[in-house]
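Structure, as structure tokens:
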Protein chains: 2
Amino acid sequence: MIVIADALKKRGFRVTAPRVSIFNVLQKASYPMSVQEVKMGTKGVDTVTVYRTLEAFKQAGLVVQVDLQRGHALYELKEGKSDHHHIVCMSCKKIEDFTGCDYQPIAQQALKKSKGFAKIISHSLELFGLCALCATK
Amino acid sequence: MIVIADALKKRGFRVTAPRVSIFNVLQKASYPMSVQEVKMGTKGVDTVTVYRTLEAFKQAGLVVQVDLQRGHALYELKEGKSDHHHIVCMSCKKIEDFTGCDYQPIAQQALKKSKGFAKIISHSLELFGLCALCATK
DNA sequence: ATTCTACTTGCAAATAAATTGCAAGTAGAA
DNA sequence: TTCTACTTGCAATTTATTTGCAAGTAGAAT
Ligand SMILES: [Mn+2]
Ligand SMILES: [Mn+2]
Ligand SMILES: [Zn+2]
Ligand SMILES: [Zn+2]
């Protein structure tokens, strides 16, 4: 359980109501959320503030952005959870977490083979498929 | 070298000037392109047509969508190239391909552990880091 | 070659996503 | 309590993507 105020202060953020609220919304979520969903989860935080806060949290390493080939980005807390990724149903959009992404060797090999890259900081990995329900239809 | 007309016919597409043009643009590219870039590469194809064509090509398995945490999607031809992914410089946006994504075991394990997924159809994997140039700054 | 029609396209318009500018508000240091 | 750099909301933009529709055409059927 992360103490929100501490998490914010530790990264040099002022502790404000919108930030605490957004953090709380993300912490309760069990799947990555869109900007709109995060906004809905708060009481009256402006959309722009959600954008700015999520971007700041992302820069600070508090949050990760998840792209699932929708028209918009999703975000989820990084803290607390270990490196994990998602299986997504291409039909009904259901999302499940999965772990076991052993990307270090892949990243190191990619870096070695690469012509002009110096370091790898993060990675994204998502699986797209069909859930049991949608697969039968 | 893919024969464009055949590639289109084989998938049930009519062979039209915009489609051939878009296909050619993608074929010349050495990195995934945005809708705007594809449009610029053609002579007068409408933006909407680019959207619709890329989506159709994607559905047909001719093209893959690449999300690099920008505000928009990128697209590249699938045909001809083997399964590959990208290293992206978070600073200057440079993109390099890399191969060696051995995702089958990861996907199979994720599927086995999963509660409600039946099959995996595709995957995305991107590495984010710094190129040699940007790393020194 | 001509006809026919379902598939395509461009254009306008709408909707959605993300960014920017700025004045008013405030957390936290002093 | 004061002060100020950091935050926020609101309006306005910009950029991304989708939708509706009438006009155009590729390719199948004469
Ligand atoms: Mn997750
Ligand atoms: Mn590529
Ligand atoms: Zn499903
Ligand atoms: Zn760079």
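Lettering follows sequence order; numbering is per chain, from 1.
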Distance in angstrom units between [X] [atom1] and [N] [atom2], rounded:
{"X": "A:M40", "N": "C:dA17", "atom1": "CE", "atom2": "P", "answer": "12 Å"}
{"X": "A:K39", "N": "D:dT8", "atom1": "NZ", "atom2": "C1'", "answer": "12 Å"}
{"X": "A:Q65", "N": "C:dA18", "atom1": "CD", "atom2": "C1'", "answer": "11 Å"}
{"X": "A:L54", "N": "D:dT7", "atom1": "CG", "atom2": "P", "answer": "15 Å"}
{"X": "A:I22", "N": "D:dG9", "atom1": "CD1", "atom2": "P", "answer": "8 Å"}
{"X": "A:D67", "N": "C:dA17", "atom1": "CG", "atom2": "P", "answer": "13 Å"}
{"X": "A:E55", "N": "D:dT7", "atom1": "CD", "atom2": "C1'", "answer": "16 Å"}
{"X": "B:E37", "N": "D:dA16", "atom1": "CD", "atom2": "C1'", "answer": "14 Å"}

**Prompt:** If you pin B:K9 and B:T47 to their nearest nucleotides in DNA chain D, which one's is more 5'?
**Reply:**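 Between the two, 5'-proximity favours B:T47.
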**Request:** Starting from the 5' end of DNA chain D, give me the residue, B:T16 or B:V48, whose nearest nucleotide shows up first.
**Result:** B:V48
Complement of [N], any strand, by Watson-Crick or G-U distances under 3.5 angstrom:
{"N": "D:dG24", "answer": "C:dC7"}
{"N": "C:dT2", "answer": "D:dA29"}
{"N": "C:dA16", "answer": "D:dT15"}

Please determine, for the side chain of [X], which listed nucleotide ([options]) has the closest atom?
{"X": "B:D46", "options": "D:dT8, C:dG10, C:dA18", "value": "C:dG10"}
{"X": "A:H72", "options": "C:dA18, D:dT8, C:dG28", "value": "C:dA18"}
{"X": "B:R52", "options": "D:dG9, C:dA18, D:dT19", "value": "D:dT19"}
{"X": "B:Y51", "options": "C:dA17, C:dT9, D:dA16", "value": "D:dA16"}

**Message:** Considering every strand and a 4.0 Å limit on heavy-atom distances, what is the contact class for A:R19: base, sugar-phosphate, or nothing?
**Reply:** sugar-phosphate
**Item:** Side-chain N or O of A:T49 closer than 4.0 Å to phosphate OP1/OP2 of D:dG9
**Value:**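 Yes, A:T49 has a side-chain N/O under 4.0 Å of OP1/OP2 on D:dG9.
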**Request:** Specify whether A:H85 and A:F98 have parallel, tilted or perpendicular ring planes, treating 30° as the upper limit for parallel and 60° as the lower limit for perpendicular.
**Result:**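 Taking A:F98 first and then A:H85, their aromatic rings sit tilted (interplane angle of 30° to 60°).
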**Prompt:** Are any side-chain N or O atoms of B:R19 and backbone N or O atoms of B:R14, one a donor and one an acceptor, separated by less than 3.5 Å?
**Reply:**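 At least one qualifying donor-acceptor pair exists.
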**Prompt:** Does the B:E126 side chain pair with the main chain of B:H86, one donor and one acceptor, at a distance under 3.5 Å?
**Reply:** yes
**Request:** Tell me whether the centres of the aromatic rings in B:Y75 and B:F57 are closer together than 6.0 Å.
**Result:** no
**Message:** Any N or O donor-acceptor pair under 3.5 Å from the base of C:dA6 to the side chain of B:R14?
**Reply:**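 Such a pair exists between side chain and base.
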**Item:** Exercise: do B:H84 and B:E96 side chains pair donor with acceptor under 3.5 Å
**Value:**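 Short answer, no.
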**Prompt:** Would A:Q65 and A:D67 count as having a side-chain donor-acceptor pair, cut-off 3.5 Å?
**Reply:**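 The criterion, which ignores hydrogens and geometry beyond distance, is satisfied for A:D67 and A:Q65.
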**Request:** Starting from the 5' end of DNA chain C, give me the residue, B:G12 or B:G71, whose nearest nucleotide shows up first.
**Result:** B:G12
